[in-house]
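Below: one structure, written as structure tokens.
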Amino acid sequence: MTGTTVCRTVVAIALAGLTGCTSSSGPADGGPGGSAPPSATPQSSAPSSTAPPSPSLTGPSAEALRAVERATGRAGSARVESTTVMGSELSLKAAGALGWRDDGLTGTLTITYTGGTTAETMRRLGTTAMEARYLPDAYYAEVGDEFADRVGGRHWIKYVYEDLEDLGGGAGAGFADQMRNTTPNQAVKLLLTAEDVRRVGEEKTRGRRTTHWTGTVGGATAQTVDIWVDDRDLLVKKVERGRTENGELTQTAYYSEYGVTVSAERPPAADTADFKELLASQGG
């Protein structure tokens, strides 16, 4: 495996970690790492989940959605199941539990590559699924034995959010904020910026009675956001659709067991490679 292939792979893992934790809004300029080609870092034209709201929705719809935002934010944690399709580049599914508190995102997900060119690359390296552990300052991705052999025998890659921000002359801008703010109520905040938000009606979602809301955000680079909310004002389902350089992006997430206990331990330091140091050692 060449140094370039290693660089592309660790950047692709970074992308999987971001999309796996249910944020469909990618980094601003094609992803982190100027050494990685478009096939390694799909660019999302969807608006960032951390973008300032404009305009601000008012009226009964706004009051209902703000109640959802508050209730979901207060819950602090939930079990998450999601699927993501990013054009021909990547499709994956993720399952686990995530928590969101004042100090940032925490939790553990199992991310399974289900299709796309990135999945084929990972499969050739002996990896079809990985465990991702999210902590307030960084996330850790587990890699298979074959790839570990290429990085000094270490089975975990550490991605410090601030390091991702600094890569590629600003190409990673927004990664840190997105990882810290990837929570269910971010979808609600997006809807609060939509001029065309509307209540679709009552629907059953996984056997539960929910209210369906929809809207379009982002102006010229439009992204549609749909949410389904239960009678406790908690998000049950979210669907976001947008575009990347490689085609349509669709992400669907389901949330349950709000308030579940969440844990994420740092892997042993001796079995962990640092993302930034790894890129430097490979000439990235």
Q.
Check this for me, if you would: do Lys276 and Asp274 make a salt bridge, where the nitrogen-to-carboxylate-oxygen distance has to be below 4.0 angstrom?
A. no
Q. Do you know the tightest heavy-atom contact between Asp233 and Ala71?
A. O-CB, 3.4 Å
Q | Step-by-step side-chain contact (heavy atoms from CB on, under 4.5 Å) determination, Val217 to Val225 | A | CA-CA 7 Å; Val217 298; Val225 178; 4.1 Å; yes
(Q) Looking at Arg66 and Glu69, is there a salt bridge between them, counting it only when a charged N and a carboxylate O are closer than 4.0 Å? (A) no
Q: If the plane angle is over 60° it's perpendicular, under 30° parallel, otherwise tilted; pick one for Phe275 and Tyr159.
A: tilted
Q. Is there side-chain contact between Tyr139 and Leu105, with heavy atoms separated by less than 4.5 Å?
A. no
Q | Nearest heavy-atom neighbours spanning Leu98 and Trp100 | A | O-CZ3, 3.3 Å
Q: Could you tell me whether the side chain of Thr114 and the main chain of Ser91 form a donor-acceptor pair under 3.5 Å?
A: yes
Q.
Set out, in order, the CA-CA distance, both residues' side-chain angles and the distance that settles side-chain contact (heavy atoms from CB on, under 4.5 Å) for Leu190 and Gln223, then state yes or no.
A. CA-CA 10 Å; Leu190 281 177; Gln223 175 189 15; 4.2 Å; yes
Q: Determine whether Val229 and Leu235 make a side-chain contact, defined as any pair of heavy atoms from C-beta on separated by less than 4.5 Å.
A: yes
Q.
Taking the side chain as everything from C-beta on, heavy atoms only, tell me whether Thr118 gets closer than 4.5 Å to Leu92.
A. no
Q) In Å and rounded to the nearest 0.5 Å, what is the CD to CG distance from Glu202 to Asp231? A) 9.5 Å
Q) Does one side chain, of Glu240 or Thr250, offer a donor that lies under 3.5 Å from an acceptor on the other? A) no
Q.
Do Tyr254 and Val80 sit in one hydrophobic cluster, given that two such residues count as connected whenever their side-chain heavy atoms are within less than 4.5 Å of each other, even indirectly?
A. no
Q) Charged N to carboxylate O under 4.0 angstrom, Asp137 versus Arg266? A) yes
(Q) Show the nearest heavy-atom pair for residues Ser77 and Val262, with the distance to one decimal. (A) CB-CG2, 3.7 Å
Q.
Out of the candidates Lys237, Arg208, Arg209, only one should pair with Asp230 under the salt bridge (Lys or Arg N to Asp or Glu O under 4.0 Å) rule; please name it.
A. Arg208
**Q.** side-chain contact (heavy atoms from CB on, under 4.5 Å) evaluation trace for Thr121 with Arg124
**A.** CA-CA 5 Å; Thr121 298; Arg124 288 194 294 270; 3.4 Å; yes
Q: Is it possible for you to say whether Tyr258 and Tyr134 belong to one hydrophobic cluster, with membership spreading through side-chain heavy-atom contacts below 4.5 Å?
A: yes
Q | Main-chain N/O of Gly144 paired to Thr127 side chain as donor or acceptor, under 3.5 Å | A | yes
Q. Could you state the interatomic distance from OG1 (Thr205) to OH (Tyr255), rounded to the nearest 0.5 Å?
A. 13.5 Å
(Q) Let me confirm one number: the CD1-NE2 distance from Ile157 to His155, rounded to the nearest 0.5 Å. (A) 11.5 Å
Q: Find the distance between OG1 (Thr72) and NZ (Lys238) and round it off to the nearest 0.5 Å.
A: 12.0 Å
Q: Look at the side chain of Asp196 and the backbone N and O of Thr216, then say whether any donor-acceptor pair between them is shorter than 3.5 Å.
A: yes
Q.
With clusters defined by side-chain heavy atoms of hydrophobic residues (ILVMFWY) lying less than 4.5 Å apart, directly or transitively, does Leu278 cluster with Tyr161?
A. yes
Q. At their closest point, which heavy atom of Ile111 faces which heavy atom of Ala132, and how far apart are they?
A. CD1-CB, 3.9 Å
Q) Quick check: does any side chain N or O of Tyr113 sit under 3.5 Å from a backbone N or O of Met130, one acting as donor and the other as acceptor? A) no
Q | Polar side-chain atom of Thr108 near backbone of Ser263 as donor-acceptor pair, under 3.5 Å | A | yes
Q: Kindly give the heavy-atom pair with the smallest separation between Val260 and Ala97, and that separation in Å.
A: CG1-CB, 4.2 Å
Q) Run the side-chain contact (heavy atoms from CB on, under 4.5 Å) check on Arg198 and Thr214 step by step: do they pass? A) CA-CA 6 Å; Arg198 63 186 177 89; Thr214 188; 3.7 Å; yes
**Q.** Donor-acceptor pair, side chain of Thr112 and main chain of Ala129, under 3.5 angstrom
**A.** no
Q) Considering residues, nucleotides and ligands other than Glu265, do more than 12 of their heavy atoms fall under 6.0 Å from its CD? A) no
Q) Under 4.0 Å between a Lys/Arg side-chain N and an Asp/Glu carboxylate O for Glu81 and Arg206? A) yes
(Q) Please check: side-chain N/O of Arg133 versus main-chain N/O of Ala264, any donor-acceptor pairing under 3.5 Å? (A) no
Q) If you take all heavy atoms of Pro267 and Thr272, which pair is closest and at what distance? A) CB-OG1, 3.8 Å
Q.
Any donor-acceptor pair under 3.5 Å linking the side-chain atoms of Thr210 with those of Glu203?
A. no
Q: With rounding to the nearest 0.5 Å, note down the distance linking CD in Glu257 to CZ in Arg79.
A: 4.5 Å
Q: Examine Val197 and Leu192 and state if one hydrophobic cluster contains both, with Ile, Leu, Val, Met, Phe, Trp and Tyr joined whenever side-chain heavy atoms are less than 4.5 Å apart.
A: yes
Q) Once you round to the nearest 0.5 Å, how far does CH2 of Trp213 lie from CG of Leu191? A) 9.0 Å
